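Let me begin by presenting the structure, written as structure tokens, before commenting on it.
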Amino acid sequence: MTAQQATGKQGERQKRAPKTGGGGRITPGVFWPSAAVIAAFVVFAVVGQDRAAETVGEVHTAIVGDLGWYYMALVSLFVIFALWVGIGRYGDIRLGKDGEEAEFGLGSWLAMLFAAGMGIGLVYWGVAEPLNFFSSPRPGVGEGEAERAEFAMVQTFLHWGIHPWAIYVVVGLAVAYAVHRKGRPVSIRWTLEPLLGDRIRGRWGDVIDTVAIVGTVFGVATSLGLGVLQISSGLDYLGWADSPGKAVQVVLIIAITAIATVSVVTGVARGIRWLSNINMVLAAVVALFVLVAGPTLFILSGLVQDVGVYLQDLLRMSFDTGASQGEEGTGWVSGWTVFYWGWWISWAPFVGIFIARISRGRTVREFITGVLLVPTALTFFWFAVFGGSALHGQMFGNDEGLIGEDGAVSTDNALFQLLDTLPGGAFMAGVTILLIVLFFVTSSDSGSYVVAALASGGAPEPPRWTRVFWSASAGLVAIALLLASGSGTASLDTLKTTAIIIALPFSVVMIGMCAATLVQFRRERRAYLEARRLAARERIVEEAVAAMEADLENRALLGPPASPDRT
């Protein structure tokens, strides 16, 4: 190849390369298709609500029902991959330049990744999920209250423990290595560069980033819509608002979106970090209140016992598809566990990119330990406190408990019902509502940051107008679908189901990420060993030369050898 041909090919690659977002630019091949797909689906879900729900439901049923085994095996393999990489020889690789210090302190880093990852989910499901599993356990679980209570907590630990965080590790690690180590833009496409080469600069890369944007916006919008339902239910339950309707819920969405917009405009280092730190403090206050005011000994004893059972049964539960209980068993696993795996995968682009962005300067081992183990430990403590308190009241309390006579659990109100049974619960309920709002804000602002970065070609600091655009878009989507749902949540449920459907093609991308990450790590390992071998050879040569020079100096100092006597 001539120099002129090489220059021409390089120019073609540069033309195909996406813009980096500098100077307020966007990537047209990502920004406009994403906006068009989101707008078209919202119109479809609003205008043809029944038809949209039916179509999406059929696709979702086919995926969850027929591919449950695939999700169970895949997510378990993600856990194995994360543990193997973190423990093995690649753990010392730094996600940044050699010797670079971590960009954020340990406390702020953990607070941001925890708040973005699943903070709001813990508040929403902390009481409701263990109660649901206690009331309606998986087929095959015994009838005794003790057995059902243990199953409820251990199954909840499975859904919120190392498995979802391993999903985030796969995406976050691949993005962090590409961005901080290789200097690539903040984008999903660049994680597959070792496999696809220059093709990621063109349409393939645009499609990958578009899927990530659509899934993220749908997930954030769904959380906003369903989240305000919990907030409004809490206001109604506590008597702070009389049956708040759609108007109040719309105002809540607008307020949350406005705060999130201000936060995302100020950037990661300021708004998002500050709000995440506040979240962690409020969450700690609420959790400690329930721990002290509730059945403290039962909570702590249950935590130790349930963690032990979780560790003992982890391998079995990870691959349990419910097949031994027939269609009833697989249906239960598909409705809960497989649903969760799809939901976490749909959130993986957003959470993965965000935790990659805040993890500059950490080693692979630090990254995996921080992302996989620390949030899992905090999550177990949270569910032990709230779920344990609720189960204790249900099994040993003198009142009727938090489960209705028909076995139903009020998911929106369960947390407030629990707080109402504790002294000072009304005041703490107000703090909890504030916590829910701030958790939604941190999810919304970090999600808007990620989407803006993807739509701007992976710019680490995307243009402010794009951050405002995507933050407002998520709020408007949530409002439109909430209003279209009438007195229910049909359109929001359709959006949530669609986000999980998007997880199927993205799961294939994640498999490619695992392979690409290993390719990159092996290359770096070989380069490191070769550099060490060359350094050792140079050291041996230097030592040999130094020894020869020392020998010559010694000979010079001793002078020439004496001549033998001749007689």
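All values below come from the heavy atoms of this structure, side chains included, with hydrogens, waters and symmetry mates left out. Predicted model only: the values in this text are computed from it and were never measured.
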Which residues pass the side chain to side chain donor-acceptor pair (under 3.5 Å) test with [X], not counting sequence neighbours?
{"X": "Ser318", "value": "His163"}
{"X": "Trp341", "value": "none"}
{"X": "Ser359", "value": "Trp109"}
{"X": "Asp412", "value": "Tyr124"}

Less than 3.5 Å apart, which donor and acceptor atoms pair up between the side chains of residues 66-73 and the rest of the protein, not counting sequence neighbours?
from, atom 1, to, atom 2, distance (Å)
Trp69, NE1, Asp66, O, 2.9
Tyr70, OH, Ser507, OG, 2.9

Sequence neighbours left out, what passes salt bridge (charged side-chain N to carboxylate O under 4.0 Å, His left out) with Arg523? Give chain and number order.
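For Arg523 there are no salt bridge (charged side-chain N to carboxylate O under 4.0 Å, His left out) partners, ignoring immediate neighbours.
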Between the main-chain N or O of [Y] and the side-chain N or O of [X], is there a donor-acceptor pair closer than 3.5 Å?
{"X": "Thr369", "Y": "Glu366", "answer": "no"}
{"X": "Ser108", "Y": "Phe104", "answer": "no"}
{"X": "Ser34", "Y": "Val30", "answer": "yes"}

Considering only heavy atoms from C-beta outward, does the side chain of [X] approach that of [Y] to under 4.5 Å?
{"X": "Val371", "Y": "Ile355", "result": "yes"}
{"X": "Thr432", "Y": "Leu415", "result": "yes"}
{"X": "Val179", "Y": "Arg357", "result": "no"}
{"X": "Asn132", "Y": "Thr411", "result": "yes"}
{"X": "Cys514", "Y": "Val170", "result": "yes"}
{"X": "Arg203", "Y": "Ile208", "result": "no"}
{"X": "Phe339", "Y": "Ile500", "result": "yes"}
{"X": "Trp382", "Y": "Val123", "result": "yes"}

Rounded to the nearest 0.5 Å, what separates atom [atom1] in [X] from atom [atom2] in [Y]?
{"X": "Leu438", "Y": "Ile433", "atom1": "CG", "atom2": "CD1", "answer": "12.0 Å"}
{"X": "Ile353", "Y": "Thr216", "atom1": "CD1", "atom2": "OG1", "answer": "7.0 Å"}
{"X": "Gln249", "Y": "Leu229", "atom1": "CD", "atom2": "CG", "answer": "5.0 Å"}
{"X": "Ile63", "Y": "Glu58", "atom1": "CD1", "atom2": "CD", "answer": "12.0 Å"}
{"X": "Leu504", "Y": "Ile501", "atom1": "CG", "atom2": "CD1", "answer": "9.0 Å"}
{"X": "Ile278", "Y": "Phe439", "atom1": "CD1", "atom2": "CZ", "answer": "12.0 Å"}

Restricting to non-hydrogen atoms, name the atom on [X] and the atom on [Y] that form the minimum distance, rounded to 0.1 Å.
{"X": "Leu372", "Y": "Ile162", "answer": "CD1-O, 3.5 Å"}
{"X": "Val175", "Y": "Ser187", "answer": "CG2-O, 4.4 Å"}
{"X": "Ala176", "Y": "Ala356", "answer": "N-CB, 3.5 Å"}
{"X": "Phe506", "Y": "Pro349", "answer": "CZ-CG, 3.4 Å"}
{"X": "Val220", "Y": "Ala474", "answer": "CG1-CB, 3.9 Å"}
{"X": "Val169", "Y": "Ala82", "answer": "CG1-CB, 3.8 Å"}

Tell me if the centroids of the rings in [X] and [Y] come within less than 6.0 Å of each other.
{"X": "Trp160", "Y": "Trp344", "answer": "yes"}
{"X": "Trp84", "Y": "Phe81", "answer": "no"}
{"X": "Trp165", "Y": "Tyr168", "answer": "yes"}

Would you mind listing every ring-ring contact (aromatic ring centres under 6.0 Å, His included) that reaches into residues 207-228, with sequence neighbours excluded?
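Passing the test, one end in residues 207-228: Phe41-Phe218.
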Between Val171 and Val351, is a side-chain contact (heavy atoms from CB on, under 4.5 Å) present by the stated rule, with each step listed?
CA-CA 8 Å; Val171 179; Val351 180; over 6 Å; no
Show, in sequence, the C-alpha distance, side-chain angles and deciding distance for Gln155 and Trp336, and conclude whether the side-chain contact (heavy atoms from CB on, under 4.5 Å) test is met.
CA-CA 10 Å; Gln155 190 69 29; Trp336 280 104; 5.9 Å; no
Quick check: are there more than 12 heavy atoms from other residues, nucleotides or ligands sitting under 6.0 Å from CD of Glu101?
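No, because the 6.0 Å sphere around CD of Glu101 holds 12 heavy atoms or fewer from other groups.
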Arg201 with Asp198: basic N within carboxylate O range, under 4.0 Å
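The answer is yes: the pair qualifies as a salt bridge.
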Applying side-chain contact (heavy atoms from CB on, under 4.5 Å), can you list everything that pairs with Ser448, at least two apart in sequence or on another chain?
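Expected list: Val264, Ser444, Ser471.
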Can you tell which of Trp343, Tyr340, Phe383 makes a ring-ring contact (aromatic ring centres under 6.0 Å, His included) with His159?
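Between His159 and the candidates, ring-ring contact (aromatic ring centres under 6.0 Å, His included) is satisfied uniquely by Tyr340.
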Name the one of Phe31, Tyr449, Trp465 that satisfies ring-ring contact (aromatic ring centres under 6.0 Å, His included) with Trp470?
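Going through the options one by one, the only one that passes is Phe31.
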Stepwise side-chain contact (heavy atoms from CB on, under 4.5 Å) test for Phe367 and Thr363
CA-CA 6 Å; Phe367 178 88; Thr363 65; over 6 Å; no
Can you list every pair that meets salt bridge (charged side-chain N to carboxylate O under 4.0 Å, His left out) and has a residue in residues 174-186, with sequence neighbours left out?
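Output for this query lists Asp98-Arg181, Arg181-Glu524, Arg184-Glu193.
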Qualifying salt bridge (charged side-chain N to carboxylate O under 4.0 Å, His left out) pairs, either residue in residues 208-227, two or more places apart:
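Pairs touching residues 208-227 that pass the test: Arg189-Asp209.
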Under 3.5 Å, sequence neighbours excluded: what are the donor-acceptor pairs made by side chains of residues 90-97?
from, atom 1, to, atom 2, distance (Å)
Asp92, OD1, Arg365, NH1, 2.8
Arg94, NH1, Glu100, O, 3.3
Arg94, NH1, Gly361, O, 2.5

Would you please name every residue forming a ring pair (Phe, Tyr, Trp, His ring centres under 6.0 Å) with Phe157, sequence neighbours left out?
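Checked Phe157 against ring pair (Phe, Tyr, Trp, His ring centres under 6.0 Å); matches are Phe380.
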side-chain contact (heavy atoms from CB on, under 4.5 Å) between Thr261 and Arg467: does it pass, once the steps are laid out?
CA-CA 7 Å; Thr261 301; Arg467 305 184 208 184; over 6 Å; no
